[in-house]
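Quantities reported herein were computed from a predicted structural model and do not represent experimental measurements. We use all heavy atoms of the structure for the numbers below, so side chains are in, but hydrogens, waters and symmetry mates are not.
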Amino acid sequence: MTAITLAKGVNLGLRAAMEADPKVLIMGEDVGKLGGVFRVTDGLQKDFGEDRVIDTPLAESGILGTAVGLAMRGYRPVCEIQFDGFVYPAYDQIVSQVAKFHFRSRGLVKMPIVIRIPFGGGIGAVEHHSESPEAYFAHTAGLKVVACSNPIDGYWMIQQAIASDDPIVFFEPKRRYWEKGDLDEAATPDDLFSSRVVQEGTDATVLAYGPMVKTALEAAIAAADEGTSVEVIDLRTLSPLDMTPIHASVRKTGRAVVVHEAPVTLGLGSEIAARISEECFYSLEAPVLRVGGFDTPYPPSRIEEEYLPDLDRVLDAVDRSLAY
Amino acid sequence: MTAITLAKGVNLGLRAAMEADPKVLIMGEDVGKLGGVFRVTDGLQKDFGEDRVIDTPLAESGILGTAVGLAMRGYRPVCEIQFDGFVYPAYDQIVSQVAKFHFRSRGLVKMPIVIRIPFGGGIGAVEHHSESPEAYFAHTAGLKVVACSNPIDGYWMIQQAIASDDPIVFFEPKRRYWEKGDLDEAATPDDLFSSRVVQEGTDATVLAYGPMVKTALEAAIAAADEGTSVEVIDLRTLSPLDMTPIHASVRKTGRAVVVHEAPVTLGLGSEIAARISEECFYSLEAPVLRVGGFDTPYPPSRIEEEYLPDLDRVLDAVDRSLAY
Amino acid sequence: MLTRRIDTEATALQRQGELGIWASLLGQEAAQIGSGRALRDQDFAFPTYREHAVAWCRGIDPLHLLGLFRGVDMGGWDPLADKFNLYTIVIGAQTLHATGYAMGLQRDGVIGTGDPDRDAAVIAYFGDGATSQGDVNEAFIWASVFTAPVVFFCQNNQWAISEPIERQSKIPLYQRALGFGFPGLRVDGNDVLAVYAVTQAALQRAREGSGPTFVEAYTYRMGAHTTSDDPTRYRVSEELEHWKARDPIERVKAYLTRNGVADEDYYAAIEQEAEELAVRLRKGCLELPDPSPLGIFDQVYEETTPELQIQREQFAAYLSSFEAAPGTHQGALS
Amino acid sequence: MLTRRIDTEATALQRQGELGIWASLLGQEAAQIGSGRALRDQDFAFPTYREHAVAWCRGIDPLHLLGLFRGVDMGGWDPLADKFNLYTIVIGAQTLHATGYAMGLQRDGVIGTGDPDRDAAVIAYFGDGATSQGDVNEAFIWASVFTAPVVFFCQNNQWAISEPIERQSKIPLYQRALGFGFPGLRVDGNDVLAVYAVTQAALQRAREGSGPTFVEAYTYRMGAHTTSDDPTRYRVSEELEHWKARDPIERVKAYLTRNGVADEDYYAAIEQEAEELAVRLRKGCLELPDPSPLGIFDQVYEETTPELQIQREQFAAYLSSFEAAPGTHQGALS
Ligand SMILES: Cc1ncc(C[n+]2csc(CCOP(=O)(O)OP(=O)(O)O)c2C)c(N)n1
Ligand SMILES: Cc1ncc(C[n+]2csc(CCOP(=O)(O)OP(=O)(O)O)c2C)c(N)n1
Ligand SMILES: [Mg+2]
Ligand SMILES: [Mg+2]
């Protein structure tokens with residue numbers, strides 16, 4: 001067992017994947033010599049060479065477009081998008097090519113591409129560095145979308161994502177990059193596309209992913225002090241959703257709150273609320289409530305803490321749910 | 001009163017807007033001499049000149065990016081995206097610039113840009129020509145999103161959209177371009193951001209927009225034959241939503257079905273279902289059901305009629321709702 | 001001539017409602033055959049939606065092309081095995097794929113070995129209009145910076161739907177390459193032998209590891225953009241007449257006849273072959289099986305998802321409900 | 001020198017946690033002042049995130065720049081009135097805005113009139129890394145095809161964060177313009193007078209209606225990319241030493257002194273002014289009011305939406321619930 005940060009967890013996972021399969025490549029801006037602006041690819045170019053860890057020209061569409069061609073040639077590119085807000089120039093290649101190639105070719109062409117995106121706010125950054133674009137990808141058929149929330153998941157999930165033959169958008173909560181966890185390399189990881197109950201409870205279910213898992217857990221502790229037993233689920237997979245543990249939890253608690261940083265309107269919470277409302281119709285004692293960013297662009301960082309859901313806003317929603 | 005097609009309705013609306021304000025420009029691929037592949041801009045370059053109706057180089061990011069600059073200089077560009085599936089190269093300019101400029105500049109810079117997108121399937125086209133990308137834009141704070149469903153709305157809504165000082169993504173149901181309606185130019189149009197009950201009913205509410213409004217109306221007629229009274233709402237505005245008539249209807253019927261061509265997961269239906277479930281919690285006698293495209297890329301056209309929601313699938317959902 | 005017959009037949013089929021749309025290659029046969037014949041087995045081609053004659057050179061059954069435009073699938077061939085990508089409709093996107101594939105060749109060590117059966121190259125097709133897309137210019141940058149073995153083959157047919165080449169560039173297109181640091185050249189796109197020679201040289205350069213070349217094949221779109229288009233709205237008939245006199249097929253015929261390589265019998269035999277092909281295509285096209293509605297759920301992912309499984313099951317049940325109780329609802333399930 | 005002092009002060013403020021980040025212009029002062037001084041009132045400039053000295057030339061209070069990097073807003077000036085766009089962080093996006101604005105100037109008839117107070121031009125700033133973005137190349141196409149009055153001013157500071165210029169281009173960047181059909185030229189970016197002269201000529205060409213020019217100001221990023229960056233990881237110190245000897249400020253000082261234009265008193269006065277500025281900035285920065293959390297709801301649209309109104313009201317009620325009943329919950333509302 002070694003204590004590692006999330007950044008290190010993903011770094012070690014990448015290293016393990018590259019060692020396991022010579023077809024795995026890393027591509028992106030500043031991923032080589034610098035090791036990435038968050039150091040997630042630190043040391044990899046040194047050890048695997050410039051042919052496998054590629055500092056690309058500064059153009060995201062170029063990164064994804066050439067990754068498609070490399071995938072056609074049998075490679076498994078792991079593309080880093082430096083910050084969430086810079087994925088949009090690659091949007092066409094992702095939505096019209098990466099997502100559709102398997103379908104277009106009736107499965108003859110696989111797209112084992114992983115798109116790593118450090119996402120979310122809370123680090124005092126300027127514009128375009130704190131976005132949560134996951135819903136755009138979860139709405140796109142042909143892509144799979146996952147988000148890790150802690151170092152251990154970072155380590156395993158990135159390897160599982162790289163091993164998958166489907167294209168995966170892999171979200172990493174950048175403000176949790178420096179938080180630590182104990183890695184046991186001998187453990188057996190959960191399935192990549194599974195959600196996990198990370199805190200059991202009986203009164204209400206809080207669903208979160210990425211950076212908000214920690215917030216949700218803190219809220220559960222605070223709620224416990226007030227006598228409310230909150231169950232917390234770390235979704236981990238955003239597309240497909242893993243509804244089985246969600247159904248079980250909501251049938252038990254009768255109440256659900258979905259939390260994310262992305263704006264509420266058409267965020268992941270809307271899909272989850274719609275599904276729970278339909279699939280657990282007779283179990284719900286309150287409507288599914290959503291806590292998220294407001295429907296504004298991400299604000300200047302001096303007020304990001306107000307903008308982002310925090311412990312209090314999660315508790316407030318739990319209270320409102322319990323009041324039904 | 002003159003009978004006009006939807007294509008003609010938008011065409012006349014554009015003409016009226018250009019006559020009313022010399023700052024209105026039209027930009028896009030083939031919008032000039034050809035008058036657009038659907039002839040929606042037919043005759044406008046001839047009458048308003050090449051400076052106001054601009055055949056652009058073949059690059060969607062360029063179209064939107066230069067439109068931003070023109071808007072900063074006081075112009076009101078109406079950008080045509082030739083087909084839904086070709087909007088993605090412009091995604092970055094739309095999401096990071098058009099949508100954010102007002103916020104970034106604390107309102108000092110307005111973005112009165114209209115992005116016209118012929119959308120949806122049903123015309124036997126090849127890949128990328130039948131998509132329904134509206135949810136991507138409705139999830140984007142800073143944009144407004146509307147969809148017309150008939151020639152009369154096409155005529156008025158495009159003028160209202162151009163008159164708006166906010167950026168608007170304007171969806172036109174391409175398979176309805178040739179359907180007719182009677183235009184009364186002296187009438188007073190409804191507010192752009194309002195939804196409209198287009199068929200009154202008491203047993204269930206069907207919410208639709210764009211191409212599906214006609215389908216929903218046909219379903220309502222078929223349902224009436226079976227003794228079920230279906231209320232149909234044409235949403236018209238997708239972002240913001242106009243919840244008032246929706247609340248009123250659902251409180252009356254207790255049942256709601258949302259219909260669109262876009263894939264169900266994280267489509268507009270998910271947001272509407274989440275909102276209705278929360279805001280009409282005690283009125284709902286059945287969960288909000290969603291009828292949409294499946295979570296696959298748009299299929300080859302020989303099976304698009306199976307893929308797209310039709311009268312029968314809407315009725316099926318109404319029946320399922322009534323069965324609760 | 002065979003490819004032109006395919007084209008005529010496809011256009012006819014579209015007119016009869018059997019194809020949704022068809023993008024004719026009329027006038028561009030020399031550019032396509034010349035470049036297509038310069039490819040070796042191990043080379044890989046990335047077409048747009050108009051490279052029917054290149055497909056022919058790659059051994060793709062033209063029936064597959066009809067299938068795509070008919071809407072039974074998105075191209076029925078195996079792009080990896082046939083080393084001919086599926087048609088790319090989003091303008092310019094394939095130039096980056098081609099460059100990435102070329103970077104894969106580099107990593108596989110199959111360029112610059114000197115073994116003619118091993119060294120491989122990639123060719124990316126695109127039109128004059130496509131040169132305005134960001135993606136195409138990014139592909140130039142990538143290819144240049146990484147010295148990727150790719151030939152950028154631009155068929156400048158003078159038009160992007162209704163927009164003349166002046167809307168995309170003020171200077172000859174082949175000069176674009178100079179700004180990116182690799183050679184660009186223009187060839188008479190209606191001269192099949194010249195196209196062959198130039199493409200062959202560019203491919204060889206790529207295979208040797210000397211990097212990309214931009215080839216501008218100067219030609220003309222003699223037909224409409226697609227069967228949905230009406231070019232009389234935007235171009236004058238004199239222009240077409242001018243180019244008709246330069247018809248690539250007439251030119252190669254004249255050349256072959258003049259040099260005694262081909263005689264009347266030869267042409268008669270080809271006409272015959274073309275006719276048989278046309279008959280086969282027409283018949284084959286009408287017989288193409290429609291795809292199964294349930295099949296689409298299985299092709300989205302390599303490993304399907306619970307959502308899709310549920311949707312598939314529900315849809316299967318829904319479809320069979322019609323068989324069980326026909327006429328329950330008014331609408332016809334088409 | 002004043003702008004360098006602003007820069008030093010900002011870096012210091014960042015180190016003390018008062019700014020989230022700061023992008024230093026160290027080494028690029030001559031390129032920025034030289035080009036910024038060539039602008040007339042009616043011209044419009046589109047900066048990246050590093051054009052602090054151009055901002056200075058446009059009369060923008062440097063406090064606004066600090067505000068942006070501190071996170072109180074996204075640039076406190078009025079881009080339209082000051083004819084200096086807000087900083088654009090997405091690489092290259094602003095080159096299209098600049099081109100569109102230039103097309104607006106054309107439509108307004110304010111180019112080529114011959115009236116020096118009327119004819120206007122646009123300047124678009126971007127870095128060497130930006131030249132790889134599709135948007136920048138599309139801007140070149142637009143500007144060329146429409147003969148737009150825009151100067152593309154590229155500060156080639158040799159680095160895009162950790163990537164050297166060789167990752168973006170194999171040939172000198174100014175040659176890129178040749179592929180698009182307009183002039184490109186390179187100027188010593190550390191020579192303020194040369195930059196002034198070249199930019200002035202390019203702007204004049206644009207104002208006259210002769211179209212775009214690409215200016216490559218060859219310079220060097222003497223500092224880190226931003227305060228978050230650590231350049232020792234990717235570049236050698238000799239390189240920095242080489243360029244330190246070419247420090248643009250030392251060079252202009254030497255020139256001014258040699259020609260007797262400036263003496264010790266002059267420099268002392270400037271030092272004094274810089275010091276006062278620094279004090280004002282430090283004080284001003286700490287005093288910058290934080291934005292109001294409720295304010296963000298009002299700035300999204302020109303005409304707000306029911307959704308936002310509801311969210312605003314609910315959030316206002318939520319915030320005031322803390323005032324009403326402090327300490328109800330454990331978490332601190334920061
Ligand atoms: C990104 C994108 N935008 C628009 C279109 C619509 N479109 C299809 S073909 C075409 C013109 C292409 O012209 P060119 O590149 O010269 O090729 P050609 O058709 O002449 O072979 C356009 C605008 C598209 N397919 N993709
Ligand atoms: C679209 C996009 N991708 C990535 C980034 C992250 N990023 C910020 S600055 C930078 C390097 C820019 O280099 P250059 O254009 O040379 O400008 P310089 O910083 O040297 O002034 C990168 C990659 C970004 N801001 N936008
Ligand atoms: Mg063309
Ligand atoms: Mg640079």
Side-chain angles (χ1 to χ4, degrees), chain C residues 90-97 99 103 126-148 150 152 154 156 160 163-186 209-216, chain D residues 90-97 99 103 126-148 150 152 154 156 160 163-186 209-216:
Chain C
V90 177
I91 300 291
Q94 76 283 3
T95 57
L96 281 168
H97 309 163
T99 305
M103 290 170 68
F126 53 103
D128 43 296
T131 59
S132 293
Q133 280 287 3
D135 272 10
V136 175
N137 293 280
E138 293 184 11
F140 295 163
I141 289 164
W142 247 259
S144 171
V145 163
F146 294 110
T147 322
V150 55
F152 294 109
C154 176
N156 177 358
E163 300 195 3
I165 175 66
E166 294 74 36
R167 272 291 105 148
Q168 322 291 343
S169 182
K170 279 201 162 165
I171 58 170
L173 281 178
Y174 73 92
Q175 294 181 12
R176 177 73 60 83
L178 305 181
F180 294 87
F182 57 92
L185 39 92
R186 173 182 280 187
S210 304
T213 306
F214 181 112
V215 177
E216 177 190 2
Chain D
V90 177
I91 299 293
Q94 77 283 2
T95 57
L96 281 168
H97 308 163
T99 305
M103 290 170 69
F126 54 102
D128 43 298
T131 60
S132 294
Q133 281 286 3
D135 272 10
V136 175
N137 293 280
E138 293 185 11
F140 294 163
I141 288 163
W142 247 259
S144 171
V145 163
F146 294 109
T147 321
V150 54
F152 294 109
C154 176
N156 178 358
E163 301 195 4
I165 175 66
E166 294 74 38
R167 273 288 106 150
Q168 322 291 343
S169 183
K170 278 201 162 166
I171 57 170
L173 281 178
Y174 73 92
Q175 294 180 11
R176 177 73 59 84
L178 306 182
F180 294 87
F182 57 92
L185 38 91
R186 175 182 278 188
S210 305
T213 306
F214 181 112
V215 176
E216 177 191 1

| Closest-packed option against chain C by number of heavy-atom pairs under 4.5 Å, given D:Q133, D:Q175, D:E138 | D:E138

| field | chain C interface, residue from D:S132, D:A177, D:G179, D:G134 that has the most non-hydrogen pairs under 4.5 Å | value | D:G179

| request: Kindly say whether C:S144 contributes a backbone atom to a donor-acceptor pair with the side chain of D:K170 at under 3.5 angstrom? | output: yes

| Per-residue contact mode, D:L178 against chain C (heavy atom under 4.5 angstrom) | backbone

| query | How many angstroms lie between atom CH2 of C:W142 and atom CZ of D:R167, to the nearest 0.5 angstrom? | reply | 10.0 Å

| message | Return the CZ to CG distance between D:R176 and C:N137, rounded to the nearest 0.5 Å. | response | 8.0 Å

[X] versus chain D, the contacting section by heavy-atom distance below 4.5 Å:
{"X": "C:S169", "result": "backbone"}
{"X": "C:F140", "result": "neither"}
{"X": "C:T147", "result": "both"}

| message | Test of understanding: with side chain to side chain contact (heavy atoms under 4.5 Å, CB included), list the residues that count as partners of D:I165, not counting sequence neighbours. | response | D:D128, D:N156, D:Q158, D:Q168, D:L173

